[in-house]
A.B. asks: 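Pasting a structure below so you can have a look.
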Amino acid sequence: MNIEQQLAAVRRYTCKKMKNDKTGHGFDHIQRVVATAQYLAAHESQTTDRLIVISAAYLHDITDDKLVADSQKSEAELRLFLESIEFSTTQIAAVVAITHNLSFSKSLEKNPPRLSLAGQIVQDADRLDAIGAIGIARAIYYGGTHQETIYDPQIKPRKSLSKTEYRNLNNETIINHFYEKLLKLKDLMNTVSGKQLAEQRQQFMLTFLTEFKAEWQGKS
Ligand code: ADP
Ligand code: NI
């Protein structure tokens with residue numbers, strides 16, 4: 001198999017697994033992450049392995065414990081799949097190290113894992129999809145699915161969050177999610193071009209929050 005055939009197979013595998021997702025991690029999210037990861041990789045001074053970056057971008061959510069009942073099982077399945085499309089042992093290890101360690105909730109653990117440059121690129125691409133206009137839409141969508149309150153000025157954003165606290169949605173509001181996570185992502189970007197895109201998206205979220213609060217108070 002050549003690289004293009006391998007990437008087409010990875011794309012089909014992901015599409016099959018994610019197409020019915022209703023949590024905001026559907027195939028549309030995956031396609032945006034792939035496109036952004038390619039953009040970021042093209043703007044990095046150091047070269048990265050295209051097969052690893054694009055495959056990891058496609059596969060980054062596929063073994064996540066919030067989306068699959070048994071993430072060990074789906075990781076084992078993923079390894080077999082990659083083997084079946086002729087990824088070498090080193091390439092499989094590189095992709096799995098990224099899918100295993102990428103998520104925001106992982107970064108809240110005591111000793112957050114270090115990512116390869118390819119992993120840092122995919123992580124930036126994933127985080128960029130959580131901010132800006134798309135990020136606002138996804139937060140509202142997620143909040144609706146989990147029956148969060150839209151906003152309550154009495155409930156203050158939580159300061160520092162462990163993984164368990166992050167996933168505890170009692171008393172969570174959609175607007176607080178911006179302060180607890182989304183506005184922090186800009187400063188967590190790994191790549192220079194990721195930072196630039198994040199700046200723009202940050203401004204858009206800040207404008208949204210200012211307008212939202214003004215309207216809430218009947219001032220706008
Ligand atoms: P990751 O895949 O990096 O662990 P999440 O699954 O936590 O990220 O987030 C997926 C999407 O859902 C993101 O766009 C995120 O902002 C949104 N989201 C996560 N938690 C909440 C929440 N409590 N309220 C609103 N949106 C949320
Ligand atoms: Ni994702």
Side-chain angles (χ1 to χ4, degrees), residues 10 14-15 17-19 21-38 40 53-68 71 74 78 95 98-109 112-113 115 118-152 155-186 188-190 194 197-198 201-202 204-205 208-209 212:
V10 168
T14 313
C15 187
K17 300 260 179 205
M18 320 275 300
K19 69 170 186 284
D21 180 275
K22 293 281 180 285
T23 68
H25 293 88
F27 196 60
D28 61 313
H29 163 65
I30 301 299
Q31 283 178 300
R32 290 190 301 272
V33 173
V34 170
T36 308
Q38 283 178 291
L40 297 178
V53 172
I54 300 182
S55 303
Y58 272 120
L59 298 165
H60 78 271
D61 271 333
I62 231 156
T63 59
D64 196 318
D65 56 12
K66 68 175 175 283
L67 299 176
V68 293
S71 54
S74 45
L78 173 61
V95 171
I98 298 174
T99 58
H100 196 87
N101 292 323
L102 185 95
S103 80
F104 183 72
S105 43
K106 267 267 155 59
S107 73
L108 296 172
E109 286 175 2
L115 289 167
Q120 292 179 18
I121 286 173
V122 179
Q123 185 176 59
D124 279 4
D126 190 32
R127 288 177 168 173
L128 282 162
D129 207 53
I131 61 177
I134 300 264
I136 294 171
R138 289 181 74 210
I140 296 169
Y141 187 87
Y142 183 104
T145 307
H146 292 87
Q147 303 185 352
E148 282 174 21
T149 305
I150 296 179
Y151 179 49
D152 181 346
I155 305 175
K156 299 294 169 213
R158 295 165 296 173
K159 283 262 150 40
S160 63
L161 293 181
S162 66
K163 179 172 175 176
T164 326
E165 283 158 353
Y166 177 62
R167 290 287 174 220
N168 176 5
L169 301 178
N170 295 334
N171 258 342
E172 174 65 316
T173 71
I174 294 174
I175 294 299
N176 277 355
H177 183 64
F178 286 82
Y179 297 95
E180 291 171 356
K181 173 182 174 187
L182 304 184
L183 294 172
K184 294 179 180 164
L185 293 179
K186 170 178 79 72
L188 296 175
M189 286 290 140
N190 305 299
L197 290 180
R201 297 183 188 200
Q202 181 89 352
F204 191 79
M205 289 193 293
F208 166 75
L209 289 168
F212 181 96

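Side-chain atoms are counted along with the backbone in the values below, which use heavy atoms only and exclude waters and symmetry mates. Every number for a ligand or one of its atoms is a count from 1 in the order of the listing.
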A.B. asks: Going by heavy atoms in the side chains, are L183 and L209 under 4.5 Å from each other?
C.D. replies: yes

A.B. asks: Which distance, rounded to the nearest 0.5 Å, do you find between the NE2 of H177 and the CG of L182?
C.D. replies: 4.0 Å

A.B. asks: Less than 4.5 Å apart, any side-chain heavy atom of I54 and any of Q38?
C.D. replies: yes

A.B. asks: Can you check which of E180, Q123, H177 brings a heavy atom nearest to atom 16 (O) of ligand 1?
C.D. replies: H177

A.B. asks: Quick one: nearest non-hydrogen protein atom to atom 7 (O) of ligand 1, plus distance?
C.D. replies: Y166 OH, 2.5 Å

A.B. asks: Is there a side-chain contact between H60 and I98 in this structure, where contact means two heavy atoms from C-beta onward sitting under 4.5 Å apart?
C.D. replies: no

A.B. asks: Step by step, work out the side chain to side chain contact (heavy atoms under 4.5 Å, CB included) result for E180 and E172.
C.D. replies: CA-CA 10 Å; E180 291 171 356; E172 174 65 316; 2.8 Å; yes

A.B. asks: Looking only at protein heavy atoms, which one is nearest to atom 6 (O) of ligand 1, and what is the separation?
C.D. replies: K66 CE, 2.5 Å

A.B. asks: At a 4.0 Å threshold, what atoms of ligand 1 neighbour a non-hydrogen atom of A130?
C.D. replies: 14 (O)

A.B. asks: Can you list the ligand 1 atoms lying under 4.0 Å from a non-hydrogen atom of L182?
C.D. replies: 16 (O)

A.B. asks: Which of the atoms of ligand 1 are close to K181, meaning less than 4.0 Å from one of its heavy atoms?
C.D. replies: 5 (P), 7 (O), 8 (O), 9 (O), 15 (C)

A.B. asks: Out of H60, R138, H29, whose heavy atom is nearest to atom 11 (C) of ligand 1?
C.D. replies: R138

A.B. asks: Quick check: are there more than 12 heavy atoms from other residues, nucleotides or ligands sitting under 6.0 Å from CD1 of I150?
C.D. replies: no

A.B. asks: Within the 4.0 Å heavy-atom shell around L169, which atoms of ligand 1 are there?
C.D. replies: 23 (N)

A.B. asks: If we only count heavy atoms from C-beta on, is the I136 to F178 side-chain gap below 4.5 Å?
C.D. replies: yes

A.B. asks: Tell me the closest heavy-atom pair linking D129 and R32, and the distance in Å.
C.D. replies: OD1-NE, 2.6 Å

A.B. asks: At what distance is the nearest protein heavy atom to atom 12 (O) of ligand 1, and which residue and atom is it?
C.D. replies: Y142 CD1, 3.2 Å

A.B. asks: Relative to the heavy atoms of E148, which atoms of ligand 1 are at a distance of less than 4.0 Å?
C.D. replies: 22 (C), 23 (N), 24 (N), 25 (C)

A.B. asks: Taking 4.0 angstrom as the limit and counting only heavy atoms of E172, give me the atoms of ligand 1 inside it, by number and element.
C.D. replies: 23 (N)

A.B. asks: Please check if the number of heavy atoms outside Y141 that lie under 6.0 Å from its OH is greater than 12.
C.D. replies: yes

A.B. asks: Supply the atom-to-atom distance D126 CG to L185 CG, rounded to the nearest 0.5 angstrom.
C.D. replies: 9.5 Å

A.B. asks: Rounded to the nearest 0.5 Å, what separates atom CD1 in I121 from atom CD in Q123?
C.D. replies: 11.5 Å

A.B. asks: Sum up the protein N, O or S atoms located under 2.8 Å from the Ni ion (ligand 2).
C.D. replies: 4

A.B. asks: Suppose we measure from atom 25 (C) of ligand 1 to each protein heavy atom; which comes out shortest, and what is that distance?
C.D. replies: A139 O, 3.4 Å

A.B. asks: With a 4.5 Å heavy-atom cut-off, do L197 and L40 have their side chains touching?
C.D. replies: yes

A.B. asks: How far is atom 3 (O) of ligand 1 from the closest protein heavy atom, and which atom is that?
C.D. replies: F104 N, 3.1 Å

